[in-house]
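Notes to accompany the following structure.
Counting starts at 1 for both ligands and their atoms, following the listed order. The structure displayed is predicted, hence computed values, not measured ones.
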Amino acid sequence: MRLILLGPPGAGKGTQATRLVETFGIPQLSTGDMLRAAVAAGTPIGLKAKAVMESGGLVSDDIVIGIVADRIEEADAKKGFILDGFPRTVAQAEALDVMLKDKGMVLDAVVELEVDQAALVHRIVNRAEEAKAAGQPVRKDDDPEVFKTRLESYNRDTAIVAPYYKGTGKLKKIDGMQQIDAVTAAINAVLGA
Ligand code: AMP
């Protein structure tokens with residue numbers, strides 16, 4: 001199973017991806033996690049990405065496409081993967097098409113979580129408060145002002161990614177405002193799990 005999870009920041013992609021990992025036994029490939037790891041490790045990619053991530057903008061297509069191309073070559077991704085946070089631009093979606101074609105891989109579905117953006121700011125404030133209460137580090141980009149910038153990036157660059165897949169018959173829209181379990185059930189239903 002090769003899947004893309006789409007939806008604005010805070011839509012619940014990470015939560016649902018974790019569940020899909022268990023259901024399908026395939027890895028979650030989160031470009032956000034990969035970039036945060038690169039920042040933490042102080043790699044050249046991390047050094048380039050740090051400031052733009054902290055401001056809520058998008059890291060350059062070249063960097064992100066490069067890390068995904070490397071990651072899907074790894075052994076655990078051979079039988080499938082869940083892309084979380086990628087593609088975020090049409091250029092990334094086009095590059096992914098080329099990548100998959102070159103590797104003889106086929107995409108099974110693109111799951112789009114549809115959410116009310118006004119509610120997202122509340123969700124993200126909760127996520128930051130929960131992390132703080134649990135003694136976990138709070139993501140710098142979960143600051144409400146930075147979050148708004150992330151939402152703007154989404155609306156400017158990423159909202160057009162779902163329509164890119166419309167003609168393929170693979171795009172599955174899910175109401176992401178339901179309870180977490182109901183969202184999971186809806187995703188499993190469209191994927192035939
Ligand atoms: P996320 O964890 O998916 O919300 O990503 C956190 C941040 O990493 C984003 O706000 C971007 O700065 C950067 N990022 C993650 N994935 C991508 C991507 N596919 N293209 C560009 N920037 C990305």
Side-chain angles (χ1 to χ4, degrees), residues 2-21 27-73 77 81-100 107 110-115 117 119-128 130-131 136-165 176 183:
R2 291 185 194 89
L3 287 180
I4 295 175
L5 265 183
L6 288 179
K13 297 188 297 295
T15 304
Q16 297 301 332
T18 307
R19 293 176 172 207
L20 288 163
V21 166
Q28 168 193 8
L29 311 188
S30 156
T31 44
D33 285 351
M34 291 182 234
L35 288 165
R36 278 185 288 278
V39 170
T43 65
I45 284 179
L47 294 177
K48 278 190 203 160
K50 189 171 190 283
V52 60
M53 288 175 75
E54 285 177 0
S55 71
L58 289 183
V59 175
S60 78
D61 286 333
D62 285 355
I63 290 183
V64 182
I65 291 164
I67 58 173
V68 172
D70 289 344
R71 184 63 185 85
I72 62 174
E73 286 289 343
F81 47 75
I82 302 149
L83 284 170
D84 162 14
F86 180 93
R88 249 181 172 92
T89 62
V90 167
Q92 292 178 16
E94 288 169 349
L96 178 65
D97 278 348
V98 173
M99 234 185 264
L100 293 178
L107 194 62
V110 180
V111 174
E112 182 186 19
L113 298 180
E114 294 188 299
V115 289
Q117 293 203 2
L120 289 182
V121 180
H122 292 288
R123 259 198 199 184
I124 220 72
V125 169
N126 285 343
R127 175 156 93 182
E130 276 170 22
Q136 292 163 355
V138 178
R139 280 173 53 173
K140 274 195 187 142
D141 59 359
D142 274 354
D143 167 271
E145 282 314 307
V146 179
F147 182 76
K148 283 180 195 154
T149 308
R150 290 166 64 201
L151 217 44
E152 280 162 20
S153 299
Y154 176 84
N155 289 329
R156 187 183 53 242
D157 299 310
T158 313
I160 47 173
V161 174
Y164 175 85
Y165 291 106
V183 175

Atom pair OG1/CD of Thr89 and Glu94 - distance to nearest 0.5 Å: 8.5 Å

Euclidean distance, Thr31 OG1 relative to Ile65 CD1, rounded to 0.5 Å: 11.0 Å

Go ahead and list the nitrogen or oxygen contacts between ligand 1 and the protein that come in under 3.5 Å, distances to 0.1 Å, or just say none.
unit_1	atom_1	unit_2	atom_2	d
ligand 1	2 (O)	Arg36	NH1	3.0
ligand 1	2 (O)	Arg36	NH2	3.0
ligand 1	2 (O)	Arg139	NH2	3.3
ligand 1	3 (O)	Arg88	NH1	3.1
ligand 1	3 (O)	Arg88	NH2	3.1
ligand 1	4 (O)	Arg88	NH2	3.2
ligand 1	4 (O)	Arg139	NH2	3.2
ligand 1	4 (O)	Arg150	NH2	3.0
ligand 1	5 (O)	Arg88	NH2	3.4
ligand 1	12 (O)	Gly57	O	2.6
ligand 1	16 (N)	Thr31	OG1	2.7
ligand 1	16 (N)	Gly85	O	3.4
ligand 1	16 (N)	Arg88	NH1	2.9
ligand 1	19 (N)	Gly85	O	2.8
ligand 1	19 (N)	Gln92	OE1	2.9
ligand 1	20 (N)	Gln92	NE2	2.9
ligand 1	22 (N)	Val59	N	3.1

Arg36 versus Ser30, closest heavy-atom pair with distance: NH2-OG, 4.4 Å

Minimum heavy-atom distance between Ala49 and Val59, given as atom pair plus value: CB-CG2, 3.9 Å

Residue pair Asp84 / Gly14: nearest heavy atoms and the distance that separates them: OD2-CA, 3.7 Å

Passing candidate, salt bridge (charged side-chain N to carboxylate O under 4.0 Å, His left out) with Arg150, options Asp141, Asp143, Asp157: Asp141

